[in-house]
Amino acid sequence: MKRNREANGGPKRPPSNGYNRRFVFFSAGVASMGGFLFGYGTAVVSGALLFLEREFRFGPAMEGAVTAAVLLGALVGAIASGSLNDRFGRRVMLIVSAVVFASGSLIASFALRLLWLIVGRFIVGCAIGIASYTSPLYISETAPPRVRGGLVSLNQFSITVGIMAAYLVDFAYAYPGGWRWMFGLSVVPAAFLGMGMLFLPDTPDSLFSRGEEERAREALARIAAENLQAAGQARAPEKEKGTKVSWRELFEPPLRFPMAVGIGLAVFQQIVGINAVIYYAPTIFRHAGFGSAPVAVFATVGVGFVNVIVTLLAILLLDRLGRRPLLLAGTAGLSAALMALGLDFQGQWAERGTVAVVSLFAFIAFFAVSLGPIFWLMVSEIYPLRVRGRAMSVAAFSNWGANLLVAFTFPLLVSGTGESVPFWIYASMGVLAFFFSYFWAPETKGKSLREIEEHWTG
Ligand code: BGC
């Protein structure tokens, strides 16, 4: 499969009544609330900063600390929860993440001192780190192969909606003290996730791998109305149980290759500069010549909107066209858009502002149809069951690490070298991402997780 470019290599289509549509869509919808927490939790701080600065009287260093706390928390949450995920299952971890998220949000929202604000944001980050990969994992293990791409990407859709919701809430509560609402309101989606998961079973794969065969069969029966085999979900439990894998084995054959693919996609997803745009869009627009702050903020909402709409398009295309064609077209397109931004900031065009807006929108659109959803999707598909939680947590950790690196270095690069250099760096990373995907990314469309696993393990 490694170099499999024939997109149609999957098994025969199961009959349309092969799975319980209502249950599968409902559980994917609930689990994808983890994505909403991810998007909201990371984006909400931008609108709060101004008011926080005034209230707590802090300078740029503390501003960085408040912003970075959530990313640091996510790093810790992602890596610390991998083994727990394989031991306690996806459902429990999603419930834990909802509770931790709500607690962190309340601490931040009621904070009377800066320290508590940072502690609260760090705790929120830990929860986001867990949910960031457990939500796609839960959906991937519940979804029938032929709709898995779209369903798992519901999570990415929720991330983008969460980002938009944060922008809108920030806008609505933009007055002194309103920041407490900005943070506090995120208890609502956390409650939806936690309570929703209480009523859902864990995934059949996760139950099987923990030896809970009876409950695994019950969960399977809820997913697959008739034809379990056709839905590609049936498993031989004996094979999965009691096979403990050490951390070292994750980086030895046969796991080394899928680990490298996951970590590579994780890092590329970030170092093409997506969050330089998501976190700093208003600043970029102002540098591009939009004098007034409201216009820059308006253009930022436009970025969020394009992200949501094009992610919807990706959901429709992923199971039709396959992962590879979208990944390749997307990385090529986003690299071109970044080059245009690099040139624009060098003063190549008189219409500087217009070119910046068009290029940024194009960049977001190409990201939203490729690296955005496909990284989280692929890492939820390519790992063998017995290491899936841990392997995904390593990929998520790499993603958050690269995210932190970009968020931290972008403002420094802009002030040190001007605006065009960072975009040229991101554009070169985009070109590398294209070749990485071309040579290494597998096509997983239509294949069951079982088939993908057998491919690696022979
Ligand atoms: C990325 C985030 C990014 C978001 C934007 C996600 O897939 O992991 O870092 O902010 O997409 O839509």
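One-based numbering, in listed order, for ligands and for the atoms of each. Index from 1, following the sequence.
The G372 neighbourhood of ligand 1 comprises atoms 7 (O), with distances under 4.0 Å to a heavy atom of that residue. For ligand 1, the atoms lying closer than 4.0 Å to a non-hydrogen atom of W376 are 6 (C), 7 (O), 8 (O). Using a 4.0 Å cut-off to heavy atoms of N403, the atoms of ligand 1 that qualify are 9 (O). Close contacts of ligand 1 with T160, meaning ligand atoms under 4.0 Å from a residue heavy atom, involve 12 (O). Heavy-atom contacts of N399 reach the following atoms of ligand 1: 8 (O) (cutoff under 4.0 Å). Heavy-atom contacts of Q270 reach the following atoms of ligand 1: 1 (C), 2 (C), 8 (O), 9 (O) (cutoff under 4.0 Å). Shown in contact with F38 at under 4.0 Å from a heavy atom are these atoms of ligand 1, numbered in order with element: 2 (C), 8 (O).
Partner of I107 under the side chain to side chain contact (heavy atoms under 4.5 Å, CB included) criterion, chosen from V124, I123, L117: I123.
Among all non-hydrogen protein atoms, the one lying nearest atom 8 (O) of ligand 1 is Q269 OE1, 2.9 Å.
Classification of R386 and E249 as a salt-bridged pair fails, no side-chain N sitting under 4.0 Å from a carboxylate O.
S420 pairs by the side chain to side chain contact (heavy atoms under 4.5 Å, CB included) definition with F345, Q346, W424, not counting sequence neighbours.
Residue contact annotation: F375 has no non-hydrogen atom under 4.0 Å from ligand 1.
Geometrically, ligand 1 and Q156 share a nitrogen or oxygen pair separated by less than 3.5 Å.
The nearest pair of heavy atoms linking L193 to A98 is CD2-CB, 4.0 Å. Annotation for L449 and S380: closest pair CD2-O, 4.3 Å, computed over non-hydrogen atoms.
The shortest distance between side-chain heavy atoms of Y138 and S206 does not fall below 4.5 Å.
Of all the listed residues (N275, V406, V308), N275 holds the heavy atom that lies closest to atom 10 (O) of ligand 1.
By the criterion of a heavy-atom distance under 4.0 Å, the side chain of N307, and not its backbone, is placed next to ligand 1.
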Could you pull out every donor-acceptor pair under 3.5 Å between side chains of residues 167-175 and any protein atom, sequence neighbours left out?
unit_1 : atom_1 : unit_2 : atom_2 : d
Y167   : OH     : I278   : O      : 3.1
D170   : OD2    : G47    : N      : 3.0

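Under the 3.5 Å distance criterion, the side-chain polar atoms of Q269 are matched with a main-chain donor or acceptor of G372.
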